[in-house]
Structures are given as C-alpha cells and as structure tokens.
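Structure first, then comments.
In the text below, chain A, chain B and the rest are named by the order of the sequence lines, each starting its count at 1. Because the structure is a prediction, the values reported are computed rather than measured.
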2 protein chains.
Amino acid sequence: MEDAADALAGTSTTVAGRIALAIHEHRIAPGAKLGEDDLGEIFGVSRTVVRTALQRLAHDRLVTIQRNRGAFVAQPGLREAREVFEARALLEPRTARSAAQRMTPDSIALLQAHITAEHDALDQGDPGRALRLSGLFHIEIARIADQATIFGFITQLVAQSSLIIALYWQRRTALCESHAHHALIRALADGDGDQAEELMKGHLLDLVSSLDLRPKATPPINLRDALT
Amino acid sequence: MEDAADALAGTSTTVAGRIALAIHEHRIAPGAKLGEDDLGEIFGVSRTVVRTALQRLAHDRLVTIQRNRGAFVAQPGLREAREVFEARALLEPRTARSAAQRMTPDSIALLQAHITAEHDALDQGDPGRALRLSGLFHIEIARIADQATIFGFITQLVAQSSLIIALYWQRRTALCESHAHHALIRALADGDGDQAEELMKGHLLDLVSSLDLRPKATPPINLRDALT
DNA sequence: GGCGACAATATTGTATACAATTTTTGATTA
DNA sequence: TAATCAAAAATTGTATACAATATTGTCGCC
C-alpha cells in the first residue's frame, strides 16, 4: 500500500525503499552522509531519482537534508525520541483494540509468521533483520486495523523508532522480547480489544524503558552539535 | 517550523506552499489537474522544482500523483474523510490537554488574534481565508503543546480536512462556529486540561456532523473516474 | 608555527534536453 | 453514423549540463 511500509517489509525495489531498508537494518549508521553521486552510482540511476528518494525519506524523518550540504541519515535527539514513543503510545493501543475486532484466520497466521521469521533471523545471527521484523509486527497490526491514515502515521513512527533504537538502545536489556508479541497475538485472536489495548500500552512502555533516554546519554555523533 | 504549517499560515513563499495555499482556500477544486509546465510557467521556475513541490504535496495527501498521468488535487473519498476525523479525534483532544498546561500570555494572545482575523475575513466576504484560519487555530494549539511529531500529524490532518470540507460540507450548517473556539481559549487560558480535552472532542464531533459523509453522497467530480 | 585570505575542489540546486508513455485526433471502414 | 486503429501531440520520467554554494587545500603574513 505505502512504500514506507514496503521498505520495512523489505519488498520495495525502489531507491528510497532500498536506502530505507539499509537504515532499518542498521547497515548505515545515523549521521552518515548520503551523497547523491555515490547513491546514483550504486543504484545505477541518475541524481534526479536519487534526489526524489532522499526527499521522500526526509519527509519520513529517516533522512535529514541540509540546504547546499546534502542528505544524512537522521540522528533523532532525545527529545524527538521521547516524542516518537509518546505518539506511539497515543496511537497504537487504540489501534490494537481496533485490530482485535477485525482479526481473521489469515491475519492471525500472518502475525504468527512474522514472529517465526523474527526468531529465525535471530537464530541465524542477523539481529538487524530481526529488529526490522519486530517493527513490522506493529505495522501489520496497524494494517489489520484497516485505517489507512493512522496506518501511515504508525508506519512512520516505527521507522523512526528503528533509528532511535540504533542510537539509544542499552544493550543490557533484551529488546522486544517476543513474549510480549505472543501475548498480543493471543489477545487479538481472542478478539479481546481491552486486553490488546492494555498489552500494547505495556509493551510500548517496556520498549521505552529498554532505551537510555536520559539527558546526554548518547555520545556526540555530530561534531557541530557537540562543540558549539 | 514545517512548511506544511507555513502553507496554512499563508507565510510560505515556496512553490509547494503557494499551491497548498490555493488548495486550502478552495481556489483550486479537488480533482483539478496540476500540470507541471503550467505551474512552472506560473511561478517562473523549471519543472524540476515544480515536481519537487508536487511530490511534497502528494506526501501530505493534498495531491495525488498518477504515474505517467500527472498530479491532481486530491479528492478524498468518504472512507478517507472518516479516517481523517477519527485520527483527529484520537490526537487533538489529548493535545489540547497538553497545551492547557503550557499556555503563556503570548500563546493566549496569539490564539485570540487568530479568532479576530477569522472574523475579519468573514466580514470581508472571504470565506476561503476564514476557513483556512479556522484550521490554523487547531494547528496553533498543537504547536503550543510543543510536540513536534504530533504537531506534524495534526498539521497534515488539518490540511486534509480542508479538502474534505470542500467536498462534503453541507452548506446548511454553520461551519466551525467561533463559539467553540472561544470556549476552547477560555479553558486553555485557565489551564483546565480536562475541559480543554472535552471541548476539543466535542468540537471535532460538531465538525464531522456538519459534513455529509453518507455513502454516495457526493456526485462524481472526475468524469474519467466515474465512467471507467 | 599559527592565523587568515584566497584559490581549487567537490557537492548540491536548477534548468534544459531527450526518452517513454499517455492522450488526443482524424482518417478509414463497416 | 459509429467504431477502430494509427499517427500526432502533449505530458510525464529520466538523464545530463550548467550555476550556485559550501568545503577543502594552499599560500602568504604576522
């Protein structure tokens, strides 16, 4: 439906989708320069289409464009990080409730397949892929809820979360234990909207608490920001 | 801060902003073709910058781009119309509550100035401008709440609402009676978050009920869409 | 050796040219 | 007259060329 979601799904073949995929799987670090000529050469297209892709990604807050300086992988600050999860806390629990009322056997199977794929990725030692699939799980719930507008917002927020996790995850804690996702599936499959909403709310709180969002917790990546 | 908000404020001098302004003030009808050459000539720039602008507007759902066919002013359907207002109902009441806790004398003056300007526009027989300012009122509240992420979402939703109103407003009812906005200002100025949240919720319900969102209520505007 | 100005380089912003696709038009025929 | 098909026109998609701006390197001077 939307290319931003396709990027997280890994099914997008567009330039924007392929860049986004690399960002989501943490193969490009926040702050990295995204030169137009470089990308054009890598993908075998002209700067025109690269620019279009970068502008799309900038609108999704995955990329920052500075006039006459170029595009960089975004580095969400602490404030933005908190805001993203506050927005998720506002949107996703209610969306999970809606989804619970719209579950079909296919939907259940789809969500379970996602968890399985996430496990497989972890077993194969590909944490980047596992992380991406974990975000995709949230997006699929939003898709099931069948509200395109909110689905778009959640897609963007999950994508931003990927960057935030790259920057602020304290590796001491387990990220997105699949336990929470399993419990969510159960509530959704039962059509128990109340519990789904509650579980999602708790799950998002767990997610935030697995991050280190204390002031000045992150090493300065951008020299200018750090030294001026 | 964001260009989408600047467009509603009428302070944007970019191509995207000027097109958006015309859409918001209903000077371009939903479904209208936005040819790249035409726009380029009007604004005295090349197609390159026009394309950039159109892509930005497409991302904000103000414009629809069809591959190899061009850009058109969006025509949100009934479903999208409902979804936009459901999303607003989810985001704006909570945002009004946050704003109530952050009001300053300047903020109050700003909101009151908006209401005054809206009245003036109506007196001067410029309903398009009045409608735009009425939407801007909601955006200013979101700005006061000081959450950039949600602010961006609300900005987009208010902009889409402008199109929805153009398509589905049943002119029998008064739109956005300033009474509701006055009451909101009072609650916000008092720092009464509970009441601000409740007033905003009710205000949005009034807005929806002033629209005619019954199935097949709208005549087909685009012949091609209707007959193929 | 450090600092500042200026030149060289590299990169982005914009315009234009060409290719691909769609839409229109009009001639031809049943 | 209506339908069909092909050629022409118009429009968008992409690539390239040029202009503007920022960055980097170098030289001279203190």
Exercise for the section: For each nucleotide in nucleotides 11-20 of chain D, reading 5' to 3', give B when a protein heavy atom comes within less than 4.0 Å of its base, S when such contact involves only the sugar-phosphate, and - otherwise. Expected result: SBBBBBB---

Handout entry: Check: A:Ser107/A:Thr104 side-chain N/O donor and acceptor closer than 3.5 Å
Key =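 Yes, A:Thr104 and A:Ser107 have a side-chain donor paired with an acceptor closer than 3.5 Å.
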
I'd like a table of donor-acceptor pairs (distance under 3.5 Å, sequence neighbours excluded) in which one partner is a side-chain atom from residues 34-46 of chain A, with atom names and distances.
residue	atom	partner	partner atom	Å
A:Glu36	OE1	A:Arg47	NE	2.9
A:Glu36	OE1	A:Arg47	NH2	3.0
A:Glu36	OE2	A:Arg51	NH1	2.7
A:Ser46	OG	A:Thr48	N	3.2
A:Ser46	OG	A:Thr48	OG1	3.4

Problem - Inter-residue atom distance B:Arg132.CZ - B:Phe137.CZ, 0.5 Å rounding - result: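 Reported value, rounded in 0.5 Å steps: 15.5 Å.
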
Exercise for the section: Could you walk me through whether B:His181 and B:His114 pass ring pair (Phe, Tyr, Trp, His ring centres under 6.0 Å), step by step? Expected result: CA-CA 10 Å; B:His181 284 186; B:His114 270 291; 9.8 Å; no

Handout entry: Donor-acceptor contact present, side-chain A:Ser161 to main-chain A:Leu157, <3.5 Å
Key =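 Between the backbone of A:Leu157 and the side chain of A:Ser161 there is a qualifying donor-acceptor contact (under 3.5 Å).
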
